[in-house]
Amino acid sequence: MSRSLPLLGAGLVAGCLLATGAPAQDADPGAIVDALFKAGGNQPKVRASGAKGVCVKGTFTPTPEARDLSKAPHFAKAVPVTARFSMGGSNPKVSDKAKPVTRGFAMRLSDPGGDMVFVVISAPVFSTRTPQQLLEFATVRAPGPDGKPDAEKIKAFAAANPETTRQAAWLNARPVPASYAGVDYWGVHAYTLTDAKGAATVAKLRWVAAAGQLGLSEEELKAKPDSFYADELKERLSKGPASFDLVAVLAEKGDPTNDPTVQWPEEGRKTVRLGTVAITAPESDATCDAATFDPVADLPEGVAGPADDPMFAIRSPAYAVSLSRRTN
C-alpha cells in the first residue's frame, strides 16, 4: 500500500527510464542542445548548461529514516560523492554576480551496485514545462548580429508562456548567493521513493544549506569580481565541509507531478530528512568531465523519477548529446 496519495503514486513507481514507458518527446534533444549553445554564444567544448563550474568531492551519510522510505543502498550506509557546482547556461564566462541565473548542484552518490545521480538547482521550479517550450525559450534568447538577444521576442514569448517567468521572478526576488554553499537547491521533479516492502512515497527533494542563505547586499555585490565562487568555495572547504541536509517534502492531494514550473507549497508540509551531503574538498575537473551526471539513467531501485514529466525524460538524451559535442 502506498504512503502517498493514490492519484499521485500509481504512475510514478516505475520511474522514467527512456526505454520503458517514458512520455513521447515533443522536441528533438539535438535541437534543444543546439539552441542552448546558441543562447550562450556557441562557446566550444563546454556543457550546454552549467558550462562554468567547479568539481568537488565528499560523502553522503543517510539518516535511519531514509531507509524507511527507500530501499536504495545509498540510504543504508555512508557513500562517496562526486559533485559539481555550476552557473546555469552554456556561457563559461557568465558572471557569478548574475541574479536571474540558477546555481546548479550535480552529484553522483557511488555504490558498488550502481550510482545515484541528482541534478538540482537553486530555485524550486524549472524554467519550462515541456521540451518544445524549452527549445523555444532558448531559441528566442540567441544573440542577434549585434551580439544581443532580441528583447521584444523574449517579451512576447514570456507573455505567451507566463509559466516560463516563474523561475526568474523567484531568483530576482532574492539576493545573489554569496557562495555555492550558501543557498538551497531543489530537485524540481517529483520522485517516488519505494521501500523494501514495496510501499511508495511521492516527494520532492530539497538540499538545505547548513550555512544558511548567504546573500550579498548590493554594495557587497559591486565589490566582487565576476568570478569569485571557485575561490570562495576553496577557502571555505579549507576550514571544513560544506554541508547540505537532503529533505524529502512529501506530496499532498493536488500536487502536480508532470509540471516542474509549478512549486509545491512547503509550509506545513510533512518532511523527512534523508541524510547529509558533506562536500569536503575540491576535485579535479577531469573527474567531473569524464562522464555526464545523468539523473534519469543513474537511479537505483527504490528511487524513480516521474513517468509523466517530459522535462525529466528529455534530460538523458540531451545530456548525452551535450557530452558528445563537448568531447568530440
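These numbers were taken from a predicted model, which means no experiment stands behind them.
- For the atom pair Phe75 CZ and Thr61 OG1, the distance stands at 12.0 Å (nearest 0.5 Å).
- Ion pairing between a basic and an acidic side chain is recognised when a charged N comes within 4.0 Å of a carboxylate O; Arg166 and Glu163 show no such pairing.
- With sequence neighbours excluded, no residue forms a side-chain hydrogen bond (donor to acceptor under 3.5 Å, both in side chains) with Thr82.
- Using a distance-only test at 3.5 Å, with no hydrogens or angles considered, no donor-acceptor pair links the side chain of Asp231 to the main chain of Phe228.
- Residues Ser179 and Glu232 bring a donor and an acceptor atom of their side chains to less than 3.5 Å of each other.
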Could you pull out every donor-acceptor pair under 3.5 Å between side chains of residues 209-217 and any protein atom, sequence neighbours left out?
{"unit_1": "Gln213", "atom_1": "OE1", "unit_2": "Asp184", "atom_2": "N", "d": "3.3"}
{"unit_1": "Gln213", "atom_1": "NE2", "unit_2": "Asp184", "atom_2": "OD1", "d": "2.7"}
{"unit_1": "Gln213", "atom_1": "NE2", "unit_2": "Asp184", "atom_2": "OD2", "d": "3.4"}
{"unit_1": "Ser217", "atom_1": "OG", "unit_2": "Glu220", "atom_2": "N", "d": "3.1"}
{"unit_1": "Ser217", "atom_1": "OG", "unit_2": "Glu220", "atom_2": "OE1", "d": "3.3"}

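- Relative to the six-membered ring of Phe126, Arg315 meets both conditions, a distance below 6.0 Å and an angle of at most 45° to the axis.
- Leu233 and Ile279 fall within the same hydrophobic cluster, defined by Ile, Leu, Val, Met, Phe, Trp and Tyr side-chain heavy atoms under 4.5 Å apart, directly or through other members.
- With sequence neighbours left out, Arg84 forms a salt bridge (Lys or Arg N to Asp or Glu O under 4.0 Å) with no residue at all.
- Electrostatic pairing of Lys224 and Asp96 does not count as a salt bridge here, judged by no charged N lying under 4.0 Å from a carboxylate O.
- One finds no salt bridge joining Asp150 and Arg141 here, because no Lys/Arg side-chain nitrogen approaches an Asp/Glu carboxylate oxygen to under 4.0 Å.
- For Lys71, the salt bridge (Lys or Arg N to Asp or Glu O under 4.0 Å) partners are Glu301, not counting sequence neighbours.
- Ring centers of Phe118 and Tyr191: under 6.0 Å apart, within the cut-off.
- A salt bridge does not link Asp226 with Lys52: every distance from a Lys NZ or Arg NE/NH1/NH2 to an Asp or Glu carboxylate oxygen is 4.0 Å or more.
- Judged purely by distance below 3.5 Å, without hydrogens or angles, the side chains of Tyr229 and Arg103 pair a donor atom with an acceptor atom.
- With hydrogens and angles disregarded, no donor-acceptor distance shorter than 3.5 Å links the side chain of Ser70 to the backbone of Arg67.
- Using modelled atom types and a 3.5 Å distance limit, the side chains of His74 and Asp111 yield no donor-acceptor pair.
- The aromatic ring centres of Tyr185 and Phe244 sit less than 6.0 Å apart.
- For Lys204, the salt bridge (Lys or Arg N to Asp or Glu O under 4.0 Å) criterion is met by no residue, not counting sequence neighbours.
- Of the N and O atoms on the side chains of Thr292 and Asp294, not one donor lies less than 3.5 Å from an acceptor on the other residue.
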Steps toward ring pair (Phe, Tyr, Trp, His ring centres under 6.0 Å) verdict (Trp186, Trp170): CA-CA 13 Å; Trp186 284 262; Trp170 198 93; 5.2 Å; yes

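- Looking at Arg206 and Leu246, their side chains never come closer than 4.5 Å, going by heavy atoms from C-beta outward.
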Only pairs under 3.5 Å count here: list side-chain donor-acceptor contacts from residues 38-46, not counting sequence neighbours, and write none if there are none.
{"unit_1": "Lys45", "atom_1": "NZ", "unit_2": "Asn328", "atom_2": "O", "d": "2.2"}

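- We find that Glu252 and Lys270 are not joined by a salt bridge, their nearest charged nitrogen and carboxylate oxygen being 4.0 Å or further apart.
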